2 protein chains.
Amino acid sequence: MTYFGGHLRRRREALRKTDRRYSLRQVAQRVGIEPAYLSKIERGDLRPPSEATTLRLARELGEDPDVLLAMAGKVSSDLQAIIRKRPKMFADLLRQLKQAPDHAVLSVVREVRDGDW
Amino acid sequence: MTYFGGHLRRRREALRKTDRRYSLRQVAQRVGIEPAYLSKIERGDLRPPSEATTLRLARELGEDPDVLLAMAGKVSSDLQAIIRKRPKMFADLLRQLKQAPDHAVLSVVREVRDGDW
DNA sequence: TGTCATGTGTTGTATATACTACACATTTGG
DNA sequence: CCAAATGTGTAGTATATACAACACATGACA
């Protein structure tokens, strides 16, 4: 979780090597937050920002939103809404899949995608 | 969401018909909150309590924890942890299943439970 | 060599969350 | 009938969340 900030910084500096528009200040401005705030987040001085701000950061830095949210210790509110509509079913499913290896989960995902329910 | 309180009240009063220990005060005491607080929650005057308190209420009233949490507008933190460990996979899965009918999701749950991965 | 941009330190704040403490009128059971 | 239990109104609080505003020293670059 503290590594959220470090990840942001590494990602931003990587982008910066080929594009000077990825200074902390410019990113902060495009994302709509204060540079000092972003600075402290990148350095782990402050906790990750809100879901909305994290999503804008993900967009800006070309990261997967769900992955970045996870690094921020959060779960997308739209996923939460999906679970809340059918809590028993999805709670069971997730707990069943908790221990399952990646390939097993992926096969389920594919099966559902191609399924003709 | 406002109906969280009403649900609690109806459930408690139902239990009370056969067991006088289910007065608001006694339930509040066993759950470890102030009676006035529970009163306001049941009447929808205050928002649902924290996850921890909601879980104790579920135990006390014999309700499914995940369902009651959902009524409280929350998702169990252990489910969130499961998602955060493999965010892309579970985000994909949940969004795939969002529109799927109950029986389709249930068949996936069963398949996974009986699966020999 | 000066100026513009950069990263960061300090301070403050608005809002939400999750309750407690106490008092009071009403109801109920023995 | 009265003492205990019940539900509720009012007021207040501790903590967390999610930032903004401003100032300042350093570095780049033209």
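Chain letters run A, B, ... following the sequence lines, proteins first, then strands; residues in each count from 1. The structure presented is a predicted model; accordingly, all values stated were derived computationally and were not measured.
The side chain of A:Arg47 has D:dA16 as its nearest neighbour among C:dA21, C:dT6, D:dA16. Distance from the side chain of A:Lys40 is smallest for D:dA20 among the nucleotides D:dA20, D:dG7, C:dG7. Listed nucleotides D:dC19, D:dG7, C:dT6 differ in distance to B:Ser23; the shortest reach to its side chain belongs to D:dG7. Closest approach to the B:Glu34 side chain among D:dG7, D:dA18, C:dA21 is made by C:dA21 (side chain taken as heavy atoms from C-beta onward). Checking D:dC19, D:dA20, C:dG7 against every side-chain atom of A:Leu46, the shortest atom distance belongs to D:dC19. Checking C:dT8, D:dG7, C:dT20 against every side-chain atom of B:Arg9, the shortest atom distance belongs to D:dG7.
One interatomic measurement links the two molecules: CD of A:Gln26 to P of D:dA28, which rounds to 16 Å at whole-angstrom precision. Straight-line distance from the OH atom of B:Tyr37 to the P atom of C:dC22: 18 Å, rounded to whole Å. For A:Arg25 and C:dT8, the CZ to P distance is 11 Å, given to the nearest whole Å. With rounding to whole Å, A:Arg21 atom CZ is found 15 Å from C:dA5 atom P. Rounded to a whole Å, the CD1 atom of B:Ile41 is 15 Å from the C1' atom of D:dG9. Remark: P of D:dT8 and CG of B:Leu8 are 13 Å apart, rounded to the nearest angstrom. One can place CZ of A:Arg20 at 12 Å from P of C:dG7, the figure rounded to the nearest angstrom. One atom, CG of A:Asp45, and another, P of C:dG9, lie 7 Å apart when rounded to the nearest Å.
Put simply, A:Arg43 has a side-chain N or O that comes within less than 4.0 Å of OP1 or OP2 on C:dT8. Contact annotation: A:Ser50 does not reach the phosphate of D:dT17 (side-chain N/O to OP1 or OP2, under 4.0 Å). Taking only side-chain nitrogens and oxygens, B:Ser39 never comes nearer than 4.0 Å to OP1 or OP2 of D:dG9.
Looking at B:Asp64, its side chain does come within 3.5 Å of a backbone N or O of B:Val67 through a donor-acceptor pair. A distance-only check finds a donor-acceptor pair linking the side chain of A:Arg56 to the backbone of A:Val31 [under 3.5 Å]. Side chain of B:Arg30 to backbone of B:Arg21: a donor-acceptor contact under 3.5 angstrom is found. Put simply, the side chain of A:Glu51 never gets that close to the backbone of A:Ser76: no donor and acceptor are under 3.5 Å apart.
Within 4.0 Å (heavy atoms only), A:Ile33 reaches sugar-phosphate atoms of the nucleic acid but no base atom. Using a 4.0 Å heavy-atom criterion, one finds that A:Pro35 contacts the bases of the nucleic acid, with or without backbone contacts as well. Here A:Arg16 lies in heavy-atom contact (under 4.0 Å) with sugar-phosphate atoms only.
Looking at B:Asp66 and A:Ile83, their side chains never come closer than 4.5 Å, going by heavy atoms from C-beta outward.
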